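Note: hydrogens, waters and symmetry copies are ignored here, and every other heavy atom, side chains too, is used. Bear in mind that the values here come from a model prediction, so they are computed numbers and not experimental data.
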Amino acid sequence: KDIVVPAGTTLSVYIVGNTGSGANYAGEIPTLDLYSIDASGASVVGSLPISGNYQNINGTISVGSLTVQNGSNNPDTAGSTQKIGSSNYTLSGLKLSAGSVEDFVINSITFDQGGTASDEDVSNLDLLIDDVIVGTVSSPTSGKVKFTLSPPLMIEKGKNVQLDLRGDLVDGSNRTVRFDLEDESDLRAVGQLYGSEVKVTCANSNNCTNDAEPFWTAPETTIDKGSLRVGAATFSSANIPEDNDGIVLGKFEFEAKGET
């Protein structure tokens, strides 16, 4: 995936790695190094490689686990159709569960809009934790909705919480919305016993696949097409005199629903 750095700006990039639970590398001291940059023909100023700090691998510590699965408020997995103008509609519902080893702090969560709707079709996006609103974003930006939690969310070991994304469907006739977790890193979680950021995993295979994009897939909601009703309005019959202009011969009513 390309990294875009807008002109005149600075972007910090972190190189991270995940260690498997069965890897037998105890006592080794690795580094993560940056050896080359492909800037699509642009010049790169700097000296490579750039080496990170050495890290000691401990083979006796097992960090805690945090899993993701469909929440109880997740929309019907078969998908649904909602009218333009629907408000406070639950778009996605997740359940996060901490294992028995350590508590976790959730610092941020980012949803990715995987449907065909545009950013302007959805507004007033609320993040709810156990049915309490903890953050609001006016609309997606380039299909992304990021909530930085302040204060962070604490999930005690052995406990779980329900996260829901709710919003208004303001436009987008016959388009679709689907707010996924595109990658495991879209949910930033730090274990409180060892202080390590952990990679969240799937609790089961329902709408969730480890190391895939999207990592967790929300049900797809279709924004319904608008309608236009045309009917006769109340009109009293009358005699029409000869040689008159601007005579009303009929009246009609137009009623638009769902869109202009």
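The backbone N or O of Glu182 lies less than 3.5 Å from a partner atom in the side chain of Asp186, making a donor-acceptor pair. Checked by atom type and distance alone, the side chain of Glu102 pairs as donor or acceptor with a backbone atom of Leu193 at under 3.5 Å. Between the Gln82 side chain and the Leu169 main chain, no donor and acceptor come within less than 3.5 Å of each other. With hydrogens and angles ignored, the 3.5 Å screen pairs no side-chain donor or acceptor of Asp224 with any backbone N or O of Asn174. Formation of a donor-acceptor pair under 3.5 Å by the Gln192 side chain with backbone atoms of Val190 is found in this model. With hydrogens and angles ignored, the 3.5 Å screen pairs no side-chain donor or acceptor of Asp168 with any backbone N or O of Val170. For Glu28 (side chain) and Pro30 (main-chain N/O), no donor-acceptor pair under 3.5 Å exists by modelled atom type. Of the possible polar contacts, one joining the Thr176 side chain to the Thr116 backbone as a donor-acceptor pair under 3.5 Å is found. Judged purely by atom type and a 3.5 angstrom limit, Asp112 has no side-chain atom pairing as donor or acceptor with the backbone of Lys144.
For Asp130, the side chain to side chain donor-acceptor pair (under 3.5 Å) criterion is met by no residue, not counting sequence neighbours. Not a single side chain to side chain donor-acceptor pair (under 3.5 Å) links Glu184 to another residue, sequence neighbours left out.
Within 6.0 Å of the CZ atom in Arg188, the count of heavy atoms belonging to other residues, nucleotides or ligands does not exceed 12.
Looking at Leu163, Leu94, Val137 one by one, the single match for side-chain contact (heavy atoms from CB on, under 4.5 Å) with Phe111 turns out to be Leu94.
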Side chain to side chain donor-acceptor pair (under 3.5 Å) evaluation trace for Tyr89 with Ser80
CA-CA 11 Å; Tyr89 176 70; Ser80 65; 2.8 Å; yes
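How far CD of Gln162 is from CG of Leu128: 9.5 Å, rounded to the nearest 0.5 Å.
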